[in-house]
Amino acid sequence: MSKTYRMQPTAPVPVPAHLDGLNDQQRAVVTAPFQPALVIAGPGSGKTRTLTHRIAHLIQAGVRPERILSLTFTNKAAAEMSRRLADLLGRTGYAVASGTFHSIGRRLIQEHADRFGLPPNFATLDREDAEGLMKRCAADITKPPDTRFPKASTLRDLLSAAINTERDLEPLILERASAFSALTSEIGDCIALYQSRKFEAGVTDFDDLLVLWRRLLREHDDVRESLQRRFDHLLVDEFQDTNPIQCEIVDLMAARHRSVMVVGDDCQAIYSFRGADISNILNFPTRYPEAVTYNLEQNYRSSPELLALANVSISHNPAQFPKQLFTSNPSGPIPANIIARDESEQAAFVAQRILELRDEGVELASIAVLYRAHWHSMELQIELGRRNIPFEIRSGLKFFEQRHIKDVLSLLKFAANPRDTIAFFRFATLVDGIGPAAAARIHDQLLSCGAIPETLSNPRLLSIPKRAAGAFEPIAKVLAELFSEELQQSPSRAIERLRAAFYDDLLARIDDNPANRIRDLDTLVAYAAGQPNIPAFLDSLALDPGTGSDFQADANPETERVILSSVHQAKGLEFQSVFLIWLAEDQFPSARSATGDDLEEERRLFYVAATRAKRDLYLLRPATYFSRTEGRVYARASLFLEELSRSRPPTFESWRLE
DNA sequence: GAGGAAAAGTTTTTT
DNA sequence: ACTTTTCCTC
C-alpha cells in the first residue's frame, strides 16, 4: 500500500533582486554604508529605481521597513516607489513610511496635535483659502480703505522686513504677499493676525505642516527624542527643491543615526519661487563632512541627440556640481524647431503631428505637450477638442480646488470642526444677504451658544439678516443634520443630503451651465462612498488628493490621452514624444524671470522640459500672437532657442511649414 | 453692511 | 478668460 502525500510547491528562492540589473554607480548607491550620502543624479539616470533598490537592500539587510523614512516630492512618487518595492521583493505591504514632507509632517503633527491646540483631524488650508483669510485680516487692519499702496517692489520689501522678524514665517509666505492688494506698514500685524485666526479656527496652512514639524523637533525634547529613534534610515528625493525648513527637518531627524541619503540634481532645481534653496544640496558635504558623494551619470531615457541639446542649453548656466552625463541609447531623430505663423497654427501643428505619431504606433499617453504657463495650453485645448483627440490637463485648477467642490466640502469641514471659520465663511456667504460681517457675527454666536446642532435647528436664535433668513434656513437645517451620528458615518449620504437641501438649486441659479459641476459632485459622492466617516473622508483629501483626472467623471481609464502639462508638473516623468510650445520671448523664459538667478532657474526649467523626452522633441513657437494689451504682436524666439541655434554642430533642425 | 453692475486689472510655476 | 475693484443703491 502506498499513500500519496501532496507537497506544497516551494516558493522559489528569491534572487537578491536589489542588485539585479544595476550599473556600477547605481550599485554603489544601493549598497552605500549607513552614513550621510549625497547622490547627484542626472535626468533619466534611473534615480527612482535606484532609490527603490536601496530601500529593498536595507530591508534585505535586516532593517525593519517601518524604521525607514522615505521623503519624495509628490505622493504619487511615493506610491510609485512602494509599487516597485513590492515588485522587487515579491510581496506587498511594506510599512515603509513614505510620502511628501507635507503629508508625513501632517501625520506626525496629528500625533501631537494637542501640543498646538489643534483638533486631531485639523484641516489644511489650500493656497486660495490661505490668501482669502489673509486678505480678510488685511482688510481688518488697514482701516482707511482709500490708502493706495505702492506697487509690488515696495510691498515685497515690507514683507521681507516682516519675515526677518518672524523667522517662523520664512520663506513661503513671501509669494503670498502678491495676494494683498491693500497693505502698508501693517504687514507684520496682518501676518500675526492671520496666524492667530488660523489657530483659533483649528486649521493649518501648508507652511505650518513644515513649521510645526520643525517645532516638534526643536521645542519638544521628548518628541524629538522619540522621532530620532523611530527611524533609522532617512532617504530624501528631489533634495534640490527643499526649502530651509525642510532641510533643518532632515538634519534634526537624522541627528542620531546620520544614515541620511539625499538625492537630487542641482541642474533640475526649479522651485525657488516656493522657497526652495539650492544651497541645501550644494552645502550638504559641508554640513556632513563625512558624507560620501555618488553620481548617477548614465542616462537611460533619451537619445544622444536629445541629451546633446539639453547639455548645450544647461552649459549656459555657470558650472554647478561637475558631472558627465552619457548615454548608450540608440540614436534618434534630431529635435525639430517649428515656427508657426500664430498660436492657432502652432496648435494645429501639434494636433496634426500627434495624429501622425499615433499612426506610427506611439501611444497617446506617451505624448506630452509641455509649456511654461497654464494659459499657453488654451488654443491647444480647443484644437484637440475639435479633432477629437483625448487629452488630460495637468496644470491649472485641480478637481478639489474647484469652487463647487470646495463649497460642498466646507459644510463637512464645519461639521467636523465648528471652529473652522474659513469653512463657515465659505458656505455662509453663499447666501444672498450674508456677507463677511454677518458671517462673522453668526459664527461667533454659534460658537458661544454651546449647543451647535440645536441652535442650528432653530435659526431664529441667530441674528440672520432678514433678507437672508429664508435662504439660510435649509442650510442651517442640513448643517444640524450633519452633526448626527448617521450622517457622520456616511460622507456620501451627507453630501447627497446637502445637495438636495439647497446646493444643487443654488448651483443652478448662479451658474449658466451647471451640468459639468453637477457631474463633478456626483463624482465626489461616489468617491465619498468609499470612506467610513466624515473625518476620515476629509483626512483623505487633506493633501494632494490627486491631480484631477483621477476624479474626473468622464475619466475612462481605458481611453488613451495626450498629456498637457506645465513643465513644473512634468518633473520626474518621461514621454516618448514631447512638444514644447510657446518658446517665445517673454513667454519662456517668463518675462518676470528674465534676469539673474531667475534666468538660470528658467534655463533649468527648459532643461527639465527637454529631458522629459525619450525620442522626439518638437520645439515650437508662434511668430506672432495676440496680446490682450497690444493686439497682435511679433514674437521673437526664446533666448534658449537663440542659444541653441548658435551652437555647432547644430542640435536641432528647422521645419518649414507650408 | 450687502449686493450688483460695470470697469479695470491680471495672467508663471505649486507641495 | 478671469478675477478683482469700484461705485452705486438699498
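Throughout, a chain's letter reflects where its sequence line sits, starting with A, and its residues are numbered from 1. Values below: every heavy atom of this structure, side chains too, minus hydrogens, waters and symmetry copies.
With A/Asp539 as the fixed residue, the salt bridge (Lys or Arg N to Asp or Glu O under 4.0 Å) test singles out one of A/Arg107, A/Lys413, A/Arg106: A/Arg106.
Between A/Ala437 and A/Thr72, the one whose closest nucleotide on DNA chain B sits nearer the 5' end is A/Ala437. Both A/Tyr271 and A/Ala438 lie near DNA chain B, and the one whose nearest nucleotide falls closer to the 5' end is A/Ala438.
Among the protein residues, A/Asp241 comes within range of no part of the nucleic acid, since none of its heavy atoms lies under 4.0 Å from any strand. Note on A/Phe588: nothing from the nucleic acid sits closer than 4.0 angstrom, heavy atoms only. The residue A/Ile270 sits apart from the nucleic acid: no heavy atom pair falls under 4.0 Å. Here A/Val608 lies out of heavy-atom contact (under 4.0 Å) with every strand.
A/Asp342 and A/Thr624 share no donor-acceptor pair across their side chains, judged by distance under 3.5 Å alone. Side chains of A/Asp237 and A/Thr72: a donor-acceptor N/O pair is absent below 3.5 angstrom, by distance only.
In this structure, A/Phe206 places its CZ atom 6 Å from C1' of B/dT15, rounding to the nearest Å. Atoms CZ (A/Phe101) and C1' (B/dT14) sit 16 Å apart, rounded to a whole Å. Look at CH2 on A/Trp582: it is 17 Å from C1' on B/dT13, rounded to the nearest Å. Separating the CG atom of A/Leu397 from the P atom of B/dT14 is a distance of 11 Å, rounded to the nearest angstrom. Distance, A/Trp213 CH2 to B/dT15 P: 17 Å, rounded to whole Å. Following rounding to the nearest Å, A/Lys466 (NZ) and B/dG1 (P) show an atom-to-atom distance of 18 Å. Taking atom CG of A/Asn243 as the reference point, atom P of B/dT14 lies 17 Å away to the nearest angstrom. Rounded to whole Å, atom P of B/dT10 lies 16 Å from atom CH2 of A/Trp375.
The side chain of A/Pro436 has B/dA2 as its nearest neighbour among B/dA2, B/dT15, B/dT14. When each of B/dT13, B/dA2, B/dT15 is scored by its nearest atom to the side-chain atoms of A/Arg467, the top-ranked nucleotide is B/dA2. Closest to the A/Asp432 side chain, of the nucleotides B/dT13, B/dT14, B/dG4, is B/dG4.
By the side chain to side chain donor-acceptor pair (under 3.5 Å) test, A/Ser395 pairs with A/Tyr371, A/His374, sequence neighbours left out. The side chain to side chain contact (heavy atoms under 4.5 Å, CB included) check on A/Asp432 picks up nothing, with sequence neighbours excluded. A/Ser82 meets the side chain to side chain contact (heavy atoms under 4.5 Å, CB included) test with no other residue; sequence neighbours excluded. Evaluation of the side chain to side chain contact (heavy atoms under 4.5 Å, CB included) rule for A/Gln402 yields A/Leu397, A/Phe399, A/His404, A/Ile405, A/Asp520 as partners, not counting sequence neighbours.
Under the salt bridge (Lys or Arg N to Asp or Glu O under 4.0 Å) criterion, the residue pairs touching residues 562-574 of chain A are A/Glu238-A/Lys571, A/Asp241-A/Lys571, A/Arg301-A/Glu574, A/Glu574-A/Lys614, with sequence neighbours excluded.
Contact annotation: A/Ser566 reaches the phosphate of B/dT14 (side-chain N/O to OP1 or OP2, under 4.0 Å). The side chain of A/Lys398 places an N or O atom within less than 4.0 Å of a non-bridging phosphate oxygen (OP1 or OP2) of B/dT15. A sub-4.0 Å separation between OP1 or OP2 of B/dT14 and a side-chain N or O of A/Gln569 is present.
The strand DNA chain B forms stems, runs of 3 or more Watson-Crick or G-U wobble pairs with distances below 3.5 Å, at B:1-10 with C:1-10.
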